[in-house]
Structures are given as C-alpha cells and as structure tokens.
Protein chains: 2
Amino acid sequence: MKIVKEISLISVGNFEESRDWSIIRSEIRRAIALIVHPRGESSFIINPTRHGNGVKPIKEACMIALRDQFGWRLETRVNYATKSPGKVDATKVIDDYLFALEWETGNISSSHRAVNKLVLGLLRGVFLGAALVLPSRKLYAYLTDRIGNYEELEPYFDIWKAVKIEEGFLGIFVIEHDQIDQNVPTITKGTDGRALV
Amino acid sequence: MKIVKEISLISVGNFEESRDWSIIRSEIRRAIALIVHPRGESSFIINPTRHGNGVKPIKEACMIALRDQFGWRLETRVNYATKSPGKVDATKVIDDYLFALEWETGNISSSHRAVNKLVLGLLRGVFLGAALVLPSRKLYAYLTDRIGNYEELEPYFDIWKAVKIEEGFLGIFVIEHDQIDQNVPTITKGTDGRALV
DNA sequence: TATGGATCCATA
DNA sequence: TATGGATCCATA
C-alpha cells in the first residue's frame with residue numbers, strides 16, 4: 001500500500017521536530033508499506049470492482065505489523081481522567097508519553113468520531129501525538145460503500161484546527177492501492193488480516 | 001415525546017438571551033411534543049422490545065411539524081463559503097441569520113459528524129445558532145442498535161467547548177418516550193413519518 | 001451491557 | 001456521483 005498524502009492537521013509544540021516522531025512516523029510508513037494483496041505479492045493490487053472489496057483484512061494487516069514488528073500495543077483502552085470514550089486502535093509509549101493511532105475503516109461518520117477521540121486525547125494531555133490513517137477517494141471507490149476517506153473529511157479540518165490545544169500533534173496519512181488489476185480476487189469480508197501481511 | 005434534558009453546549013454572545021432564541025426554542029419544543037405513537041394517541045408510547053423500533057418515522061414526524069406549522073425549511077444545503085459539507089436537517093431564518101437543527105437518528109458516529117457540522121457553521125458564521133436533538137439512553141435501548149444517544153456523546157463535549165467560536169449558540173435537546181406498553185406496535189422501518197404526527 | 005465497526009440503502 | 005442515513009455485527 002502506498003501513502004499518497006501526509007499532512008499535519010494539528011502541530012502545537014515541538015513534537016513534529018522530535019526524534020520520537022521521526023521514529024514513529026517511520027514505523028507507521030513501514031507498516032503501511034507492508035500491506036500487500038494478493039498474498040505473496042510485493043505491492044497492493046486491487047480488483048477495481050466499485051465498492052467490491054471488504055475493508056477489515058486491510059486494517060488487520062497493518063495492525064499486526066505495528067504490533068509484531070514495532071512493539072505497538074493494539075486496542076488500547078485510554079483513560080481520559082473523567083468519563084472516557086473507549087479504545088484507540090494502536091498506541092506506542094515514547095519517553096513515558098503515549099502516541100495513538102486510529103486506522104479508519106469504518107463509515108465516514110466514524111472517521112469524525114476517530115478524529116474527535118484523538119483530539120480529545122491531545123486536549124486532555126494523555127497523548128503527545130496521534131495519527132489517523134484513511135483511504136484516498138480513489139481507493140474508497142473500490143471499498144465498501146461509505147467508508148471513511150480523506151476528501152470527504154477534509155471540509156471539516158477547520159474545526160479541529162480551531163480546538164484550543166496546549167501541546168500536541170495530529171498527523172493524517174492517506175493511503176491508496178499500488179495497482180489495479182481485474183484479475184486479482186476482491187478482498188472478501190471477514191478474511192483474516194494475516195493473509196495480507 | 002418528552003424532553004428530559006436541555007443543555008447549552010456552546011453559548012458565546014447574546015443569542016441565548018435573545019427573543020429569537022425564545023421563539024425558536026419554543027417551536028422546537030412544540031414540534032417534539034407533537035410526536036405521538038401509536039397514531040391518534042396523545043403521547044408517545046413505545047413497545048419496550050430491545051432495539052425493536054425503527055427510527056425513521058420518528059424524525060419525519062418532527063420535521064414535518066417544523067415545516068408545516070412553524071415554517072422551517074428542511075434539508076437545507078448550507079454554503080460554508082469554501083468546501084462545504086452537505087445539508088442540515090432543518091433551518092429557520094431569523095433576522096437574516098440562519099438557525100440550524102440536526103435531528104440525530106443515525107449511528108452514534110453520525111452524531112459526531114452532526115455536531116461537527118453545526119460547530120463548523122458557527123465557526124464560519126453561517127449559523128447564529130444551532131440545535132441537536134437526540135434520544136436519551138433509555139429511549140435508545142428500544143430503538144435500532146447503535147443509534148446516537150446523549151450519554152454516549154457526552155464524553156466528547158469538551159472538544160466542542162474548546163473550539164474557538166467568536167459568536168454562536170449550540171443547544172442540545174434530549175428526547176424520550178412518554179410511556180412504555182408491550183401492547184403497542186413496534187415502529188416499523190420505512191413507515192411514513194406522517195403517521196406519527 | 002458497552003463500544004467500535006462494517007455494510008448497504010435512499011435520494012438529490 | 002455525492003452525501004446523510006439506517007441497520008445489524010463483533011467482541012470485551
């Protein structure tokens with residue numbers, strides 16, 4: 001899988017220039033690069049059937065790479081001090097601070113919750129940094145209908161930029177298939193993510 | 001239908017004390033009060049089957065009341081100057097300003113988008129005020145699974161309170177059934193909302 | 001029971 | 001094609 005865009009939605013303080021971010025960023029990029037399809041290929045080739053591919057296996061492949069190769073923790077329940085919204089997809093501890101990652105394969109509305117959650121963590125100071133990974137509109141066209149995608153979330157960016165954060169970083173990675181081929185199988189629903197690593 | 005809670009999530013400026021808000025608030029409250037079930041009843045009686053009632057007809061009933069009895073406009077496409085996220089459920093013009101209402105019957109994640117949209121409108125200055133209507137957790141238990149509900153959205157309130165708004169108001173109305181009765185029919189999916197007015 | 005998600009539908 | 005929605009699933 002390739003990254004077609006990477007932006008800093010929120011960057012208050014020095015995290016973006018830190019060595020920590022340099023390492024974490026590299027781990028995220030490498031984990032995304034490790035996602036291939038079909039199994040055994042060296043890149044991610046998608047069957048271009050409109051809304052014809054399931055999304056679950058794609059996420060699982062990346063999560064497993066973060067966990068097994070880079071020591072991230074998955075499905076971390078985060079304590080926001082007061083009433084806490086649930087879990088984030090993956091976290092890594094760096095110098096006693098928490099970095100959180102959300103991989104968005106839910107409905108586009110779910111992407112709003114994901115960003116809200118990450119920003120809440122920054123606001124509360126429980127995360128020093130956070131990242132959101134989601135498909136480009138081009139990839140979206142071949143995945144389950146209404147999946148979160150960058151272009152549809154972008155009109156809302158000003159809200160999150162306008163939140164009074166004292167310190168924190170929020171990066172967004174936009175992913176896309178490497179190639180299209182009508183002869184590769186579509187990604188089925190419920191397939192084990194390990195098959196894509 | 002009854003209102004069990006009403007809060008001001010954002011209130012910057014004088015709108016909350018204005019005569020405009022007094023009128024709009026009264027219209028919203030009256031439109032909600034007009035929702036009954038079953039047809040012909042004077043209150044909203046729900047069949048207490050867990051996640052056994054569809055939500056579509058409930059919203060339609062309130063929207064129709066706002067439009068036909070109070071002159072609101074439905075499904076308004078809002079122009080946010082730049083890239084615009086789509087429509088809001090209902091709007092009313094007051095002294096050349098727009099008031100926006102979102103009735104939340106989608107998934108809870110959709111409630112995040114709804115609030116984000118309203119707050120974006122306040123941030124851009126296209127709304128002077130806005131309101132969100134959504135079920136209480138008690139009512140939620142009898143509606144389609146994972147529908148937006150107040151208690152599940154509340155942990156995120158601090159984000160929206162932390163958005164730098166220059167002026168604007170955002171109120172939340174929490175609605176609930178008036179009575180429970182195992183003998184009334186469950187609300188089916190796709191039923192015409194007019195049947196509930 | 002609670003929470004995040006995955007899927008497909010309706011309509012402009 | 002684009003956007004908001006409605007529904008039911010999976011798992012801790």
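In what follows, every heavy atom counts, from backbone to side chain, and hydrogens, waters and symmetry copies are set aside. Numbers restart at 1 for each chain; the letters A, B, ... are given by sequence-line order, proteins then strands.
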Quick one: [X] [atom1] to [N] [atom2], roughly how many Å, whole number?
{"X": "A:Leu134", "N": "C:dG5", "atom1": "CG", "atom2": "P", "result": "12 Å"}
{"X": "B:His112", "N": "C:dG4", "atom1": "NE2", "atom2": "C1'", "result": "11 Å"}
{"X": "B:Arg113", "N": "D:dA6", "atom1": "CZ", "atom2": "C1'", "result": "12 Å"}
{"X": "A:Ile187", "N": "C:dA6", "atom1": "CD1", "atom2": "P", "result": "13 Å"}
{"X": "A:Glu154", "N": "D:dA2", "atom1": "CD", "atom2": "P", "result": "14 Å"}
{"X": "B:Asn53", "N": "D:dA6", "atom1": "CG", "atom2": "C1'", "result": "14 Å"}
{"X": "B:Leu120", "N": "D:dG4", "atom1": "CG", "atom2": "P", "result": "12 Å"}
{"X": "B:Asn149", "N": "C:dG4", "atom1": "CG", "atom2": "C1'", "result": "14 Å"}

Open item on the list: I want to verify a distance call: between D:dA6, D:dT7, D:dT3, whose nearest atom is closest to the A:Asn107 side chain?
Closed with: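 So the nucleotide nearest the side chain must be D:dA6.
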
Open item on the list: I want to verify a distance call: between D:dG4, D:dG5, C:dT3, whose nearest atom is closest to the B:Glu152 side chain?
Closed with: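 Minimum distance to the B:Glu152 side chain belongs to C:dT3.
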
Task: Phosphate OP1/OP2 of D:dG4: any B:Lys117 side-chain N/O under 4.0 Å - done: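 Yes, B:Lys117 has a side-chain N/O under 4.0 Å of OP1/OP2 on D:dG4.
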
Open item on the list: When you measure from the side-chain N and O atoms of A:Ser110 to the phosphate of C:dG5, is any distance below 4.0 Å, counting only OP1 and OP2?
Closed with: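 True: A:Ser110 side-chain N/O within range (under 4.0 Å) of C:dG5 OP1/OP2.
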
Open item on the list: Over all strands shown, is A:Ser109 touching base, sugar-phosphate only, or nothing at heavy-atom distances under 4.0 angstrom?
Closed with: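 The residue A:Ser109 makes no contact with any strand.
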
TODO: Describe the nucleic acid contact of B:Glu104 in one word from base, sugar-phosphate, nothing, applying a heavy-atom distance below 4.0 Å.
DONE: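 Sugar-phosphate: the residue B:Glu104, judged by heavy atoms under 4.0 Å, touches backbone atoms but no base.
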
Open item on the list: Just so I know, are the side chains of B:Phe169 and B:Trp21 near enough to count as touching, which here means a heavy-atom distance under 4.5 Å?
Closed with: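 Side-chain contact under 4.5 Å: yes.
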
TODO: Report yes or no: does A:Lys92 contribute a side-chain atom to a donor-acceptor pair with the main-chain N or O of A:Leu66 at less than 3.5 Å?
DONE: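 No; judged by distance alone, with no hydrogens or angles, the pair does not exist.
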
Does either side chain, that of [X] or that of [Y], offer a donor lying less than 3.5 Å from an acceptor on the other one?
{"X": "A:Asn47", "Y": "A:Thr49", "value": "yes"}
{"X": "B:Glu17", "Y": "B:Asn14", "value": "no"}
{"X": "A:Arg146", "Y": "A:Tyr140", "value": "yes"}

Task: Most 5' of B:Ile147 and A:Tyr140 on DNA chain D, judged by nearest nucleotide - done: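 By nearest-heavy-atom nucleotide position, the 5'-most residue is A:Tyr140.
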
Open item on the list: Between B:Val55 and B:Ile45, is there shared hydrophobic-cluster membership here, with clusters defined by ILVMFWY side-chain heavy atoms closer than 4.5 Å?
Closed with: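 Result: no, two separate clusters.
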
Task: Check: A:Phe157 ring centre within less than 6.0 Å of A:Tyr150 ring centre - done: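 Aromatic pair counts; centres sit under 6.0 Å.
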
Could you go over nucleotides 10-12 of chain D and give all protein N or O partners under 3.5 Å, atom names and distances?
none

